[in-house]
Each structure stands twice: as structure tokens, then as C-alpha cells.
Amino acid sequence: MQDEYRTVAREGVHETEINRSRFLCALAPAATEREAQEFIARVRKEHPTATHNCYAYVIGADASVQKASDDGEPGGTAGVPMLQMLLRRDMRYAVAVVTRYYGGVKLGAGGLIRAYGGAVGEALDALGTRTRRRFRLATVTVDHQRAGKLQNDLRTAGREVRDVRYGEAVTIEIGLPEADVEGFRAWLADATAGSAGFEPGGEAYGDA
């Protein structure tokens, strides 16, 4: 698995105009290929009279799924440059749709490539990106007396507390960078006089 990846900070639209043609780039994070396809369908529905709705998306922290469509533009002049821009910016789990309203001036193949790739690049700059880092999920079990102080200590130490459940004991779910697991185990034993339980779990991605 990748240790980290970058994705789109939020869903949004950025518009540019080139030789009287309007290019609207809609960007969104997408956890799955289905989410990406649903977003593309939604944008198409919003712009039924557009000349073209070209798209590209990259799914997977290792970019294992990559798709692009020229939607009627000359082959390789729209979807591929959009995809290349996403990859050049290290985007993952991201989908881009560029909606073009033709303005009467032909751009030529080179102009189209620059326009579609550029629309994605400008939209990424405008909407922003965020880095997601791989974490080891872990469960800490502690008695009720120590739970409040331990939660404060965890937050003070910058640890990500993902969930807290109260039962006979208090169960705290946290996220840890892989390299910190053993150091955290020692810190926890020290902070709770050895009374807390610690169970490493699976892996997930969280904001870096």
C-alpha cells in the first residue's frame, strides 16, 4: 500500500474561457469507480446542451484504475490530457469532468490538449488538494477512572482519536502512523501504569 496520496479537497467547479469557448471543470473526490461514474452522470445531466462533457478519473492509492473519455472531441485531445494532469499532480480517488460550450472558434488539436489539461490544472489550484496518509488502526481499553485523562493526553500528544465507546471499560479507537506503533505502546504503558490494553488493528487512510 502507498504510505500517502493526494486528492481533491472538495467538490467544486472552476470556469475558464478560451477563444470564446467556455470550459467548466467539475472536480470531486471519489472513493470508488462507481462514485466517479455517478458524478460524471450528474454533471452531464446538469449540462445537457453542452458541446462536450469529457472526463477522467483515477481511483486507488496506487492509481490502479484510470479512465478517460474525449466525448466526441478528436481522439486524445481531451480525456487523456485531463488524466495526465491528474496523474502529474499525484491525484488519487479523484474525478474531473470538463464541460465545453463551443464558442465558434476552432482550437486545433494542440489547443484542445492545452485547454482540457489546463482546465483541470486551474481547477485543482482553485479548489485545493489534501494529503491522506496511511494509518494503523488500534484499540485502547482502559478503566473509567483513567479514561478522561488518557483521552486528554492522547489529544495533547496529537493522536487521532477516531471513536470512544463506554461499557464495562472504555474503548478508544485511534489511528497511528505505522512507525509509531511500538513507541506508542511504551508511552501508553507509562501513561496508564500498565493498566491499559492495546490491540493493533487494520489499516486506513486519514488526513495528514
Side-chain angles (χ1 to χ4, degrees), residues 1-17 22-48 50 52-71 73 76-101 113-138 155 158-163 173-178 180 201-208:
M1 286 175 80
Q2 299 282 109
D3 280 338
E4 63 180 47
Y5 66 86
R6 292 169 69 202
T7 191
V8 184
R10 60 188 173 87
E11 184 179 315
V13 181
H14 180 72
E15 181 174 342
T16 53
E17 189 174 310
R22 289 171 64 210
F23 291 86
L24 289 82
C25 180
L27 284 175
T32 62
E33 188 168 11
R34 184 176 173 181
E35 265 186 40
Q37 289 168 347
E38 285 171 354
F39 178 74
I40 294 160
R42 201 170 86 219
V43 173
R44 280 190 165 143
K45 205 171 175 182
E46 287 169 12
H47 298 281
H52 305 280
N53 283 294
C54 307
Y55 68 79
Y57 57 82
V58 182
I59 307 295
D62 56 355
S64 55
V65 178
Q66 302 177 21
K67 293 277 172 67
S69 166
D70 296 315
D71 191 37
E73 291 281 30
T77 62
V80 169
M82 290 168 63
L83 180 63
Q84 285 173 341
M85 182 60 73
L86 290 175
L87 293 171
R88 195 181 307 151
R89 295 290 190 90
D90 294 324
M91 287 294 108
R92 304 291 185 264
Y93 296 105
V95 54
V97 183
V98 174
T99 300
R100 182 188 183 192
Y101 286 92
I113 289 167
R114 284 191 297 277
Y116 279 99
V120 174
E122 285 186 30
L124 287 170
D125 290 339
L127 297 171
T129 62
R130 61 179 179 162
T131 301
R132 307 272 288 168
R133 191 162 287 149
R134 186 157 56 103
F135 286 97
R136 168 71 62 184
L137 299 174
R155 290 193 170 98
R159 298 300 184 189
E160 184 195 6
V161 176
R162 299 172 72 94
D163 190 29
E173 282 192 6
I174 59 168
L176 292 169
E178 187 70 45
D180 289 1
E203 292 180 327
Y205 285 94
D207 287 339

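With hydrogens and angles ignored, the 3.5 Å screen pairs a side-chain donor or acceptor of Thr7 with a backbone N or O of Tyr93. Without hydrogens or angle criteria, Asp70 side chain to Gly76 main chain gives a donor-acceptor distance under 3.5 Å. Between the Asp71 side chain and the His52 main chain, no donor and acceptor come within less than 3.5 Å of each other. Not one N or O on the side chain of Arg134 forms a donor-acceptor pair closer than 3.5 Å with the backbone of Pro177.
The line from NZ of Lys67 to CG of Leu83 is 11.0 Å long, rounded to the nearest 0.5 Å. Expressed to the nearest 0.5 Å, how far CG of Leu124 lies from CG of Asp90 amounts to 11.0 Å. Atoms CG and CE, on Leu87 and Met82 in that order, are 12.0 Å from each other to the nearest 0.5 Å. Taken from CG in Asp180 to CZ in Phe135, the straight-line distance is 9.5 Å, to the nearest 0.5 Å. Rounded to the nearest 0.5 angstrom, Arg100 CZ and His47 NE2 are separated by 15.0 Å. To the nearest 0.5 Å, the span separating CG on Leu27 from OG1 on Thr129 amounts to 10.5 Å.
Put simply, the side chain of Tyr101 reaches to within 4.5 Å of the side chain of Thr99, judged on heavy atoms. Side-chain contact between Ile40 and Tyr57 is present, with heavy atoms from C-beta onward closer than 4.5 Å. Taking the side chain as every heavy atom from C-beta outward, Met91 and Val120 never approach each other to under 4.5 Å. Counting heavy atoms from C-beta outward, Leu176 and Arg159 have side chains that approach closer than 4.5 Å. A heavy-atom distance below 4.5 Å is not found between the side chains of Met85 and Tyr116. The shortest distance between side-chain heavy atoms of Arg92 and Val8 does not fall below 4.5 Å. Contact of the Glu11 side chain with the Phe39 side chain is registered, since non-hydrogen atoms from C-beta on lie closer than 4.5 Å.
Smallest separation of non-hydrogen atoms from Arg89 and Gly121: NH2-O, 3.5 Å. Closest approach of Ser69 and Arg44 over heavy atoms only: OG-NH2, 4.5 Å. Between Ile59 and Ala31 the shortest heavy-atom distance is CG2-O, 4.0 Å. For Cys54 against Ala78, the heavy-atom pair with the smallest separation is SG-CB, 3.6 Å. Heavy atoms only, all atoms of each residue included: Phe23 and Ala115 are closest at CZ-CB, 3.8 Å. Nearest heavy atoms, Gly79 versus Ala56: O-CB, 3.8 Å.
Arg6 CZ: more than 12 foreign heavy atoms inside a 6.0 Å radius.
Taking the charged nitrogens against the carboxylate oxygens, Arg42 and Glu38 have no contact shorter than 4.0 Å, which rules out a salt bridge.
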